[in-house]
Amino acid sequence: MECRVCGELEGKPHYGTVCCASCKAFFRRRFLNNEKKECRNGNRCEISASNRKNCSSCRYKKCLEVGLKTEEIRGKRKCSPLPNITTLAIPTSSKFIDISYEDAMRIADMYLNLEL
DNA sequence: CATCAAGGCCAT
DNA sequence: ATGGCCTTGATG
Ligand SMILES: [Zn+2]
Ligand SMILES: [Zn+2]
């Protein structure tokens, strides 16, 4: 699997997507200590394995675009992983299905946007 | 006990 | 600040 952020070959599952060890570390650091840097190219840098350290702003943006999830950052080693499965009760059918955490959040979002 | 993935460590 | 490798806690 290749890193979805920079294209590095040695990508593994991290924070809900596939990325390399360096992008994983970068994403975590950047989120935890809120290190910010401004892009000089109008936030339009293409990220590759060779230029990824040039613009950390665009790199972080790319991380979010390809789906690295900040909610998977625990901050401490002790914290439990998020369950990626949740049970959904289907109204009137008395049935239950298992859906992913992602889908659960989507559904919750749709629900909150309903006009009742 | 084996595997997965997050955090910690530390040389660069 | 970066990134490779190690340790750890959860899980089946
Ligand atoms: Zn990467
Ligand atoms: Zn940039």
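These figures come from a predicted structure and were not determined experimentally. A note on names: the letters A, B, ... follow the listed sequences, proteins ahead of strands, and every chain is numbered from 1.
Across the protein-nucleic acid pair, N54(A) atom CG and dA1(C) atom C1' stand 13 Å apart, rounded to whole Å. At whole-Å resolution of the value, CZ in R29(A) and P in dG8(B) are 13 Å apart. To the nearest angstrom, P of dC9(B) lies 14 Å from CG of L32(A). Look at NZ on K12(A): it is 13 Å from C1' on dG3(C), rounded to the nearest Å. Spacing between atom CD1 of I73(A) and atom P of dG8(B) amounts to 12 Å, rounded to whole angstrom units. In this structure, CG of L82(A) is placed 10 Å from P of dA6(B), rounded to the nearest angstrom. Residue E8(A) contributes atom CD, which lies 14 Å from atom C1' of dC5(C) at whole-angstrom precision. Rounded to whole Å, the distance from CG on L9(A) to P on dG4(C) is 12 Å.
Look at R28(A) and you won't find any side-chain N or O under 4.0 angstrom from OP1 or OP2 of dA5(B). Phosphate contact (OP1/OP2 of dC4(B), side-chain N/O of Y15(A), threshold under 4.0 Å): absent.
The side chain of R52(A) sits closest to dG3(C) out of dG7(B), dG3(C), dA5(B). Distance from the side chain of S22(A) is smallest to dG4(C) among dG4(C), dA10(C), dA6(B). Side-chain proximity of H14(A) to dA5(B), dG3(C), dA10(C): nearest is dA5(B). Taking the side chain of R77(A) as heavy atoms from C-beta on, and the options dG4(C), dG9(C), dT2(C), the nearest nucleotide is dG9(C). Closest to the side chain of K37(A), from the set dG7(B), dG3(C), dA1(C), is dA1(C).
Side-chain atoms of T17(A) come within 3.5 Å of backbone atoms of L68(A) as a donor-acceptor pair (strictly under, hydrogens ignored). Between the N51(A) side chain and the E46(A) main chain, a donor and an acceptor come within less than 3.5 Å of each other.
Checked options C20(A), S50(A), C63(A), C19(A); the residue passing with C6(A) is C20(A) (criterion: side-chain contact (heavy atoms from CB on, under 4.5 Å)).
In this structure, the side chains of C23(A) and R59(A) come closer than 4.5 Å at one or more pairs of heavy atoms.
More than 12 non-hydrogen atoms from other residues, nucleotides or ligands lie less than 6.0 angstrom from CD of E65(A).
Remark: the R74(A) side chain and the dG9(C) base include no donor-acceptor N/O pair separated by less than 3.5 Å.
If you find the closest nucleotide of DNA chain C to N33(A) and to K24(A), the one lying nearer the 5' end belongs to N33(A). Residue whose closest nucleotide on DNA chain C sits further toward the 5' end, between C23(A) and K78(A): C23(A).
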